[in-house]
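One structure is given below, encoded as structure tokens.
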2 protein chains.
Amino acid sequence: MFELRDRDGLGRLGRFATAHGTIDTPALLPVINPNQVLIPAKEMRSKFGTQIVITNAYILNRSMREDARAKGVHGVLDFDGPVMTDSGAFQQHVYGGVAVSNEDIVTFQREIRSDIGTSLDLFSEPEHGPDRAQGDLKETLERTRAAARLRGDMLLAGTVQGSLFPDLRRQCGEELSKIDVAVHAIGGVVPLMETYRFRDLVRVIVAAKQGLRPDRPVHLFGAGHPMIFGLTALLGCDLFDSASYAKYARDGRLLFADGTRHVEELREIPCECPACSTANLEDLRTGERLRAEHNLHVSFAELRRVRQAIAEGQLWELVERRCRAHPALLEALRELRHHNDFLERFEPLSRRGGFYFTGPETQHRPILHRYRQRLNERYRPPKRHLVMFSEGARPYATTHKEAMLRILAQRDVHFLVKSVWGPVPIELDEMHPIGQSVVPDTFDAESLEAAEVFAQQFLRGAGYEKGVLWRGEESLADLPESGPGTFDVILARLRAVADFQFGRGAADALLAGAIETVRSRKTGKVRNVTRDGVHILSVRAEDGMYTLKAEGGRILQAAFPAPRLRVVVQSDTVEFNRQGKNVMAKFVVDADPDLRPFDEVLVVDGSDALVAVGRTLMNRAEMIAFDRGVAVQVREGVAASP
Amino acid sequence: MFELRDRDGLGRLGRFATAHGTIDTPALLPVINPNQVLIPAKEMRSKFGTQIVITNAYILNRSMREDARAKGVHGVLDFDGPVMTDSGAFQQHVYGGVAVSNEDIVTFQREIRSDIGTSLDLFSEPEHGPDRAQGDLKETLERTRAAARLRGDMLLAGTVQGSLFPDLRRQCGEELSKIDVAVHAIGGVVPLMETYRFRDLVRVIVAAKQGLRPDRPVHLFGAGHPMIFGLTALLGCDLFDSASYAKYARDGRLLFADGTRHVEELREIPCECPACSTANLEDLRTGERLRAEHNLHVSFAELRRVRQAIAEGQLWELVERRCRAHPALLEALRELRHHNDFLERFEPLSRRGGFYFTGPETQHRPILHRYRQRLNERYRPPKRHLVMFSEGARPYATTHKEAMLRILAQRDVHFLVKSVWGPVPIELDEMHPIGQSVVPDTFDAESLEAAEVFAQQFLRGAGYEKGVLWRGEESLADLPESGPGTFDVILARLRAVADFQFGRGAADALLAGAIETVRSRKTGKVRNVTRDGVHILSVRAEDGMYTLKAEGGRILQAAFPAPRLRVVVQSDTVEFNRQGKNVMAKFVVDADPDLRPFDEVLVVDGSDALVAVGRTLMNRAEMIAFDRGVAVQVREGVAASP
């Protein structure tokens, strides 16, 4: 039912099928209060482009039970698109004991033909202790199981609770993953959002995501402020619901992607939305409906910005900008680094477009966490004597590069730039994200300090015999002279990237024999690599990394034992993949757990026969979990050995 | 002609009168190419709300000279609002020698009844050396003088050149200030904007502003990208002109406040403007006019955001957010601290609303530069023994405050919080911006380092006899015991703020005698201060600073010799001010050079008789220069002594 179509880390563009149509995620579900319709569902679709709305089954059950049963929720709302219903758990929590049971409200939702119903979870407050949170969680899981038995054809949302306890949130996610629900909601977060506890919100979402299976959309319950769409989408939230547009409008407040403003504060209209473009300040002050329209325009536009950012691999940049809108968001941004081991598993091999330094937070992005890890684990210095260079911590040493290359060709030394991203051996300067990064001329002290720490960590294990800091050629006097070497920077670059991308040993395997390169006439950069006359690899201009040809795949297969670099497919799909058709996730049997999205892979059958080479869209956990969508885009099928 | 109506530092809301109507600044002047009208001027007004347009006199002169002379530029453009014309200096610079002289083009502009004409300046490129730049500058000044003689009734814009040389830019500004022009343009900056040299742009603008008189609007020539409206408005630019909306639209590019996007990159429409709200991606790809409309909607909305930010004192926050959109903008943001001595002169006493930490750049904002300066120069520790406290560099020590206050009342010690903004003596914790600041829970290393440096700088001159770091009450064991003191934190706060706001000695003068306070029932904070039964001061809840009553003014007048805290007015306005009418800038004779915008002041006549107390809108240089607008908002007039 849920299909992953594109992604940027945990942020994803998905498609979710319901009985009343398909929705594209991330999606915002405007809340329609059936007793007080400010903007009808149909108009939500025509004017703001929403595909799905949400309404409260608890209100319907209380105020128009029979009518709703007769007409169905679509009839009540006069809307033929997907409708989700909420059980009223939050209302019951806030306003107290209303006698509606889990069984009753789930049955009622089924009766009114809700597309996605919700079980009646128990809302845990952030200040609840572990015992109470655990008790509530147990009851929530029981109710979810009961709801799953009652759901009939209706899809169900099962809600993750667990207060602020990461272990409880993760456990709850794990247990919910075993239950027959279609959507996972993260509940109990409204108090965090209302009090700007965004760091805690990050911790709660990450813990829940760690427990949840990856093939179901995740709904962040009660999240309707565009200020946090980017941040929470980055953590893998797919659905948001918004009563905020109406609630804020009622209080005279306007939503913006960088915060909230009360109309009474305004002396200008700081907005270009259609509602604001035709209004004056007086209209905004007096028009609740106009304010609600503004709130919706801005919210849906921010959601489109998030989707666009995912599509172009710029979601981090968007979030880094947004998190400057309030110190509590900055705190949340700084929290992210503590979850890098988890985030890195979903981090693509590379992204499109430039990679921007926006502050000392950037150097902790998962892609750089991985860069420094692989540098330590996969990279091997090609020479024994190091010359370390620093040009104000910028990642590539433009000024002196010519001189370095000349020296490299003559002496037994190696160059490394001490950069803000981590140390960069001269051969890795064109690889993503190093080569695509854009940095200021000067850095803050934290970034410079980290550059130093990163360099020291690397040098400890790198195995250089001796090193000096570059201060012009005279600084090399301390390093032993040696006759003219045969260092070829082109080959060194090919070798370093091969090990970096596929694992240590890939360079030795791939780049043995008679290696020739085809280079771009315009940039001089390598485009294709042939071995003994056979095209084995291409180098992408955009990220300096390899795409794999079938022959390159064969070499890697021989060099690395299973499951390394493999995606194993069921036998009944093998023939299709050999013909170049993509590998669908549901046919994946197993895969290398070290694979990451957009990695180049070997598609093999159950006996490890090479079937195709291609590019993943998913990591292993996702390939195993998903029943829909493409796991590997096949670049080249491989015929069966005769 | 130019009137200052509100301000946030150098950023200002102004009003500028022309023969065809008044414009509100900051203003954006869309460029209308008379040979190729994409969007007519009238539509610019009705659809985008522009008050003024700009067109190129050089093009009119070349392609429709007689027609333009006959119809006038308003007739040609079919627009009855203000029209500015450009001389074509940039075109002549880029496309080369077109034989039109300064005299001809100025005369022509007068003939076509341009509201604001431009002399033919010589465009200096950033890479021009000092000799060439100086030569060009000299010629530019000559031509401006000639233009001023020829201008007739037409207003003139005189352009600052000087390449990247701050001294030349400043000199040019000073010389232009003596010439009879109405607008100052800053020229030669398009190459900086095109190549994202925003740090150099900051240097150029600051140098020009240092030379220019403050009572004329400043036009940043060729600035049409909304990405830099905030930054350059913060530096005192009032007018922007945009051909970008059309040029970018022609190339398929869309402007946004955080950068540029090519339509071909888009998979979603990341915008809520009216053009985008009714369009689909295909419309945007094919519709040049639609793209131009988008560019205008976004540009004018950003300008409104800038104006709103000035009105509410949040321009820095806006700029700090915007400068995360590109590393070159971040570099520009980090450049600003180097100009703090200049920026501080225009910095208001306080601002409305919260004060946000957005990164290590925030602690160098001019208001904090001033805070630390005044702490060193004006603040006097009330006790000899210091207890220094740090709660993760947060500016106020919430957790331990009760304990501190109790100890303060019993022992001869004083408390100071080592904060990210600088050291905060416990009495200054409610004062702007300390008390209004919002910070994250944790800080980057640069901010923490700076907190340490700020504290050490202060302690060196503060005159404490002995100090310890707070580690609970036991840490005080090293400090000499002393009998119960009489430290009254309320009084200490009144004293500290008085010295801080008015100068060292103000507390001794104001708070002698029988001091009583009226406190807020709700917050317990002091609202009014009486001395011997007379109300002398009020404390504003919003910033913890004083407003001055007449009697308070009398005390300060006696305590501080002229010109301290004074604004001296002409004798013919004295009676009006005594009756409570505001002081208009044109009647100001002199003022204390240490006055800052929004300072509380003594209005006096030529013999230093107190006429009124009030609040400045301007600093001294501005009061002297401006011929229009309010210099001091009078709060209370003072009757003549009998």
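The sequence lines fix the lettering, A, B, ..., with proteins before strands; numbering per chain opens at 1. Values below: every heavy atom of this structure, side chains too, minus hydrogens, waters and symmetry copies.
For A:Glu265, the parts sitting under 4.5 Å from any heavy atom of chain B are the backbone and the side chain alike. Residue contact with chain B, scored on non-hydrogen atoms closer than 4.5 Å, is absent for A:Asp24. A:Leu266 touches chain B through backbone and side chain together, each having a heavy atom under 4.5 Å away. Of the two parts of A:Ala328, neither the backbone nor the side chain holds a non-hydrogen atom closer than 4.5 Å to a non-hydrogen atom of chain B. For B:Ser277, the part lying under 4.5 angstrom from a heavy atom of chain A is the side chain only. When heavy atoms are compared at a cutoff of 4.5 Å, A:Val438 approaches chain B by way of both its backbone and its side chain. Contact annotation for B:Val298: both backbone and side-chain heavy atoms come within less than 4.5 Å of a heavy atom of chain A. With a 4.5 angstrom heavy-atom cutoff, A:Phe300 does not touch chain B via any of its atoms.
The backbone N or O of B:Met44 lies less than 3.5 Å from no partner atom in the side chain of B:Thr50, so there is not a single donor-acceptor pair. Side chain of B:Arg307 to main chain of B:Leu13: no donor-acceptor pair is present (N/O by atom type, distance under 3.5 Å, no hydrogens or angles).
Of the listed residues (A:Gly359, A:Pro360, A:Ala309, A:Ala325), the one with the most heavy-atom contacts under 4.5 Å to chain B is A:Ala325. Annotation: maximal heavy-atom pairing with chain B below 4.5 Å, among A:Asp258, A:Leu318, A:Thr358, A:Asp444, occurs at A:Asp444. Top candidate by heavy-atom pairs under 4.5 Å with chain A, chosen from B:Gly354, B:Cys323, B:Pro440, is B:Pro440. Chain A forms more heavy-atom pairs under 4.5 Å with one residue of B:Glu320, B:Glu268, B:Arg352 than with any other, namely B:Glu268. Among B:Lys47, B:Glu312, B:Glu302, B:Glu317, the residue making the largest number of heavy-atom pairs under 4.5 Å with chain A is B:Glu312. Here A:Pro327 is the residue among A:Pro274, A:Pro270, A:Pro327 with the most heavy-atom pairs under 4.5 Å with chain B. Heavy-atom pairs under 4.5 Å with chain B were tallied for A:His297, A:Glu335, A:Arg199, A:Glu361; the largest tally goes to A:Arg199. Note on A:Leu330, A:Thr362, A:Leu303: by heavy-atom pairs under 4.5 Å with chain B, the leading option is A:Leu330.
Side-chain contact between A:Gln308 and A:Gln314 is absent, with no heavy atoms from C-beta onward closer than 4.5 Å. Counting heavy atoms from C-beta on, the side chains of A:Arg321 and B:Arg321 never come closer than 4.5 Å. Residues B:Arg324 and B:Leu329 are not in side-chain contact: their nearest non-hydrogen atoms beyond the backbone lie 4.5 Å or more apart. Looking at B:Arg322 and B:Leu231, their side chains never come closer than 4.5 Å, going by heavy atoms from C-beta outward. Side-chain contact between A:Glu331 and B:Thr442 is present, with heavy atoms from C-beta onward closer than 4.5 Å. B:Ser244 is listed as a side-chain neighbour of B:Leu255, based on a closest heavy-atom distance under 4.5 Å. Looking at A:Phe443 and A:Gln363, their side chains never come closer than 4.5 Å, going by heavy atoms from C-beta outward.
Ring centers of B:Phe240 and B:His225: at least 6.0 Å apart, outside the cut-off.
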